[in-house]
Amino acid sequence: MKSQWRIILGFVLTLLIVLFAVMNNMDVPINFGFSQLSAPLVIIIIGSAFLGAIVIALVATSTIWHQRKEIKSLKKQLGELEQSLDQKVADKRQELEREYNNKIAALKADSDQSAAVEEETAQAKEEEHASDS
């Protein structure tokens with residue numbers, strides 16, 4: 001919708017310029033500094049508008065080209081940063097999994113050791129009971 005309004009506005013401005021130029025159709029002198037020329041005002045107005053449009057198009061094209069180049073560079077940088085982040089996440093995940101597995105192994109070893117101590121205690125009590133009887 002926004003671009004449609006720009007096109008409509010462009011047509012309206014072009015129409016106004018053409019109407020203004022047609023209403024001023026007398027010959028006027030143009031001084032270039034090193035020479036002088038006489039031409040109809042219509043051609044001068046339309047020619048000036050055309051040159052202005054060319055200048056604007058060149059500036060806009062240059063700006064768009066620089067913006068696209070910068071966007072491409074930023075997308076490349078973003079991809080590299082995402083890849084780096086994914087690698088860091090994977091490394092951190094592996095580190096945490098190792099720590100988790102080590103803690104589980106330590107708890108299991110403690111549990112096995114506690115079970116062995118309890119078993120020895122139970123055997124000692126049974127031996128005491130057997131020797132008392």
- Message: Measuring from atom CZ of F32 to atom CG of L37, what distance do you get when rounded to the nearest 0.5 angstrom?
- Response: 5.5 Å
- Closest approach of D27 and S38, non-hydrogen atoms and distance? CB-OG, 4.0 Å
- Item | Hphob cluster co-occupancy, F20 + L41, side-chain heavy atoms under 4.5 angstrom | yes
- In terms of hydrophobic clusters joined by side-chain contacts under 4.5 Å, are M26 and I45 together? yes
- Query: Are the side chain of S73 and the backbone of K69 linked by a donor-acceptor contact shorter than 3.5 Å?
  - Reply: no
- Does any N or O in the side chain of T61 come within less than 3.5 Å of the main-chain N or O of A57, such that one atom is a donor and the other an acceptor? yes
- Note on the structure: Output for pair (Q87 CD, D91 CG), nearest 0.5 Å, gives 4.5 Å
- Query: Should V18 and V28 be regarded as members of a common hydrophobic cluster, given that ILVMFWY residues are connected when their side-chain heavy atoms come within less than 4.5 Å of each other, either directly or indirectly?
  - Reply: no
- Heavy-atom neighbours of Q36 CD exceed 12 at 6.0 Å: yes
- Rounded distance [0.5 Å steps], CZ in R93 versus CG in D86: 10.5 Å
- Do the non-hydrogen side-chain atoms of K72 and K75 ever get within less than 4.5 Å of each other? no
- Task: Answer yes or no: are there more than 12 heavy-atom neighbours, outside E99 itself, under 6.0 Å from its atom CD?
- Result: yes
- Item | Cluster link V42 to I17, ILVMFWY, side chain under 4.5 Å | no
- Message: If we ignore hydrogens and angles and just use 3.5 Å, is the side chain of T14 paired with the main-chain N or O of G10 as donor and acceptor?
- Response: yes
- Query: Does a donor on one side chain sit under 3.5 Å from an acceptor on the other, for N101 and E97?
  - Reply: no
- Message: Taking E80's backbone N and O only, do any of them form a donor-acceptor pair with S84's side chain (distance below 3.5 Å, no angle check)?
- Response: no
- Apply side chain to side chain contact (heavy atoms under 4.5 Å, CB included) to the pair Q77 and L74, showing each step before the final yes or no. CA-CA 5 Å; Q77 185 179 4; L74 290 173; 3.7 Å; yes
- Message: Please report the interatomic distance NZ(K88) to NZ(K92), rounded to the nearest 0.5 Å.
- Response: 12.0 Å
- Query: How many angstroms lie between CD1 in I30 and OG in S35, if you round to the nearest 0.5 Å?
  - Reply: 9.5 Å
- Query: Is the number of heavy atoms from other residues, nucleotides or ligands under 6.0 Å of Q113 CD greater than 12?
  - Reply: no
